[in-house]
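Scroll down for the structure; my scribbles are underneath it.
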Amino acid sequence: MSATATRQEQEIQQRIFADKCRRLHNHLLSTKALLSEIGDYNRTKWPVHYPLARIARAHESLANAGTSSGSSGLRRSNSMLNASDATLVNSLAPTPVRRTMTTEDVTQLAADSSSSGSSRTAHADATDISSAGRLLDPSDLSVLKLDLRLSYHADSDVMGSLEESSIARLFDERLSQCEVHIDKLIARVADKSSKILVTGDLNAGKSTLVNALIRHDILPFDQQPCTMLFCEVVDASQNNGIEEIHAVPDIHKYNRLDPLTYNVVKMSDLEDVVMENDEQYQQLKIYTKDKRSDQQSLLHNGIVDVALIDSPGLNRDSLKTTQLFARQEEIDVVVFVVNAENHFTLSGQDFLLNAGNEKAHIFIVVNRFDAIRRKDRCERMILDQIRDLSPLTYAERDDLVHFVSAHEQLAAERAGSASSESFSRMEKCLRSFTLEQRFKSKLAPAQRYAMNVLFDVQYLAAENVASATKRIQEINALLREGMPKYETLLQERKESTRQAESILDDSCIEVRRHTTAHLTNTTLHLQDVAEKVMYPGLLSLWSYAENVLLTMVRHLEHEVYECDRFACFTIHQARNQLGKLDDQRRMLDLSLDQQQQQQQQKPSLPMKEKMSPASNSKDEGISLLDGTNASVTASQLASVGSISNALDTVQLELSDFIDLDLGHNWGTLTSISASASLTLLASKSMAGNVVTLLRLSSTMGTATARRLMVAAAALISLGSVFYVVSDMDATVRRKLSSRVSLMLAEEGFVQDHAERLTTETSRAIRPFVWHLQHTFQRMVEAEEHKRADHLRRRHIAQDSQIYFDELRIKAQELANAVRSVH
Ligand SMILES: Nc1nc2c(ncn2[C@@H]2O[C@H](COP(=O)(O)OP(=O)(O)OP(=O)(O)O)[C@@H](O)[C@H]2O)c(=O)[nH]1
């Protein structure tokens, strides 16, 4: 193939690659937007349900399996792996990019979530969690898994104590981390250059390898750990062809054109800076020249700018290791250097697993192979490890796993002899992996990460559809079960209110009826009362009249008091009846509460007890129905004093003592005045009698007859006077009783008291009716509030069900689009 054809071929390849970059870039942006949207939804609408309980069960089953097999936890050491480590590593292996979740998967998931301990779960559980309490659930979640370093027990309260909101917060943080990482991936996809990170355990020969790759003894190497900071080696063409070393304190601020952002280090000082760096510099930027041609050199290759980054050894210290873990996110190719004498240490395994979240392919260089006596055995053992740690790398081991000696290569270079075959092949493969298979080295990691994120989103979306469906079913059941209770409550409220009003009305009517009848009867029979007063004689007539009056007043007072007592009794009875209604209400309240408790099946009884009606202040009205403070005494109702006051105005008058109208007791008069004629007896008044006699005498002719008549008239007058005097006590009683009756009638005595006692009765009973109505109202409102809350929660669950179902489809479509970039 001619040079022009090659160049044209390269240009076509570049354009195809650029198109893939653009498409992947867009898909990454969409994935990030999706995560951001989920974060918003998680924060504001529906705390995303996370399948913790399932993970806990998985952890427990793994722990049990671990106990029986005697496997140990993760240990950080340089020792070779033993058999149990290999088992563990197997369980830690990262997931390959998984197929998109189908509708059947979601259905299965929904079924799983509603039936705990399903076979699928049990199967996944047994292999998903590490025995170190670290959450690893590769069959379900990878990128969005929450690393809750807890020692779980499915039957312990740990899961319960992790509030939904706490999980949602942790999940939100995880989403944010993923968004940040996707930003880095976007930047990496957009970056035209390729970054190769050379990493591995301490003293694996990383620096020696970099030197060998650039054919330049530039990086210091030593038997002792020596690389203390990241050293990025790039072609001097990126620095106007000038070989220079920039020591950079802050890599984010580094600008080659701004000398303030770095210090230039002399080549002679490089070793000191690399070995003695005490956190002064974050990175060295080494611009160097590779004398070889574009076809041979990795740094200047005619296709992309390449940076080789030498890093401090993995197990140098935790800070450096953490930096390295963070750093590998922004590089395209990981060249993992393994010391052939040590194989993969646990630190190396950890790093590879972490990197495996997005990099399916890792370029592995097994260095110091010259020092190995039984090379085939070493090769076999290391490949076995790789198979477990990075299956896709193992699958392409011919291109991606190389057994070399960097030291020998450098020696050959110094001696001017040819490179070893193994090293040349390794270089060729690395060049191909970095330059020609740029999709695999640069885009595939981003694609893989996005696919894993989108699979996790689909998984969680399906989990949440199932969870929302379950919640809707639960709420529907609550609403269904609650409806008869609510209707009963409404019915009870209506009936009780009707009964309470009826008790009040009946009581008032009864008190009014009784008071009216009783006091009317009393006023009609006042004279009978007066008759009980002893008459002391004519001389004490005045005080007798006073006594009569007082006795009547006392009697009236007493009868009013009796009416009051009747009212009290009626009120008491009404309260008892209302109390019974309130007892029924409380029983109803209690039964509703108990049913609710049973429905909720919450063990937090103390809280519930506080809420129960028996101890709840909401029933403060109960006290109104009990005890002495509630009893109504007659004195509270009766205003008998007002009767005496009213009758105080009754003054004794002369007419109270003399009654000239004798008709009312003529029989008495005839016994005293026997001489009166029958005609006269029929007369109605004293004056009329006398006048009649005088008229009769004038009509009689004889003087004797006239005398007789005069005498008779005089006798009658005398008899009448005698009668009046002798009947004076009866007159007093009669006159006073009628005067008092009249006055009471005028004053509206009976009506006033009937009205007063009716009002008082109503006033005394009404609060109890109100209390009953009020407490019923509160119960109804509480029930309605509960129902409204259920409806609100159901609405949210329904929205979420739709949202997560759409999200699942969206993630599925996006995953398909990401997958199509190849
Ligand atoms: N036998 C042998 N020795 C090697 C090889 N490569 C490197 N070494 C030696 O191993 C020691 C460590 O080499 P370095 O290149 O400093 O190793 P490193 O991984 O960069 O070390 P740190 O940066 O300190 O982690 C040196 O003494 C090298 O000479 C090799 O292929 N074969």
Side-chain angles (χ1 to χ4, degrees), residues 76-78 196-233 245 270-279 281-284 286 288 308-325 327-328 334-348 350-352 362-375 378-379 382 401-415 417-427 430:
R76 286 189 179 274
S77 78
N78 288 323
I196 303 172
L197 180 77
V198 180
T199 186
D201 287 326
L202 279 174
N203 267 338
K206 300 178 292 294
S207 307
T208 312
L209 179 69
V210 171
N211 287 342
L213 284 171
I214 60 175
R215 302 289 195 275
H216 198 328
D217 259 345
I218 194 163
L219 292 173
F221 54 89
D222 195 1
Q223 285 99 339
Q224 303 171 65
C226 70
T227 311
M228 302 296 285
L229 77 172
F230 292 95
C231 302
E232 185 175 338
V233 183
I245 300 169
L270 178 64
E271 190 164 319
D272 288 344
V273 174
V274 170
M275 290 187 174
E276 309 299 334
N277 177 48
D278 53 353
E279 309 303 324
Y281 302 116
Q282 275 186 353
Q283 185 165 319
L284 287 185
I286 302 170
T288 185
L308 271 169
I309 305 169
D310 185 20
S311 59
L314 272 180
N315 29 17
R316 168 166 290 287
D317 60 45
S318 57
L319 180 67
K320 288 276 180 293
T321 307
T322 310
Q323 281 176 356
L324 196 57
F325 271 63
R327 204 59 210 270
Q328 67 92 9
V334 173
V335 173
F336 196 85
V337 184
V338 184
N339 186 340
E341 292 157 308
N342 286 343
H343 300 194
F344 282 94
T345 63
L346 288 172
S347 309
D350 247 2
F351 182 87
L352 277 194
I362 291 169
F363 199 91
I364 296 174
V365 176
V366 183
N367 193 34
R368 302 170 75 120
F369 202 51
D370 57 299
I372 300 299
R373 193 170 57 83
R374 290 191 54 188
K375 292 191 170 34
C378 170
E379 208 168 309
I382 289 180
V401 184
H402 300 270
F403 296 82
V404 299
S405 170
H407 183 70
E408 282 181 357
Q409 169 60 33
L410 268 183
E413 178 72 20
R414 280 186 217 116
S417 27
S419 305
S420 70
E421 195 188 327
S422 57
F423 197 87
S424 298
R425 189 160 181 284
M426 184 271 289
E427 259 191 317
L430 180 60

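When a ligand or atom number is given, it counts from 1 through the structure's own listing order.
- Ile382 approaches Phe344 most closely through the heavy-atom pair CG2-CE1, 4.0 Å.
- When all heavy atoms are compared, the tightest approach of Phe336 to Gly348 is CZ-CA, 3.6 Å.
- For ligand 1, the atoms lying closer than 4.0 Å to a non-hydrogen atom of Asn203 are 12 (C), 17 (O), 18 (P), 19 (O), 21 (O), 22 (P), 25 (O).
- Looking at Cys378 and His343, their side chains come closer than 4.5 Å, going by heavy atoms from C-beta outward.
- Each of the following atoms of ligand 1 lies closer than 4.0 Å to a heavy atom of Ser405: 30 (C), 31 (O), 32 (N).
- Of all the heavy atoms in Glu271 and Pro220, the pair that sits closest is CG-CB, 3.6 Å.
- Checking only distances, His407 does come within under 3.5 Å of ligand 1, N or O to N or O.
- Taking a cut-off of under 4.0 Å to the non-hydrogen atoms of Thr208, the atoms of ligand 1 that pass are 6 (N), 7 (C), 13 (O), 14 (P), 15 (O), 28 (C).
- Taking the six-membered ring where the residue is Trp, the centroids of Phe363 and His402 are separated by under 6.0 Å.
- Under 4.0 Å from ligand 1, the heavy atoms of Asp370 that appear belong solely to its side chain.
- For ligand 1, the polar-atom distance check against Ala204 finds a nitrogen or oxygen pair separated by under 3.5 Å.
- Side-chain contact between Val335 and Leu209: present, with at least one pair of heavy atoms (C-beta onward) separated by less than 4.5 Å.
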Name the atoms and distances for all side-chain donor-acceptor pairs under 3.5 Å in residues 406-413, with sequence neighbours left out.
{"residue": "Gln409", "atom": "OE1", "partner": "Ser419", "partner atom": "OG", "Å": "3.2"}
{"residue": "Gln409", "atom": "NE2", "partner": "Ser419", "partner atom": "OG", "Å": "3.1"}
{"residue": "Glu413", "atom": "OE1", "partner": "Arg215", "partner atom": "NE", "Å": "3.3"}

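- Between Leu202 and ligand 1, no pair of N/O atoms sits closer than 3.5 Å.
- If you number the atoms of ligand 1 from 1 as listed, the ones under 4.0 Å from a heavy atom of Gly313 come out as 25 (O).
- Listed by number with element, the atoms of ligand 1 under 4.0 angstrom from any heavy atom of Ala406 are 31 (O).
- When side chains are defined from C-beta on, Asn342 does not count as touching Asp201, because their heavy atoms never get closer than 4.5 Å.
- For ligand 1, the polar-atom distance check against Lys206 finds a nitrogen or oxygen pair separated by under 3.5 Å.
- For ligand 1, the polar-atom distance check finds no N/O of Phe221 at less than 3.5 Å from any of the ligand's N/O atoms.
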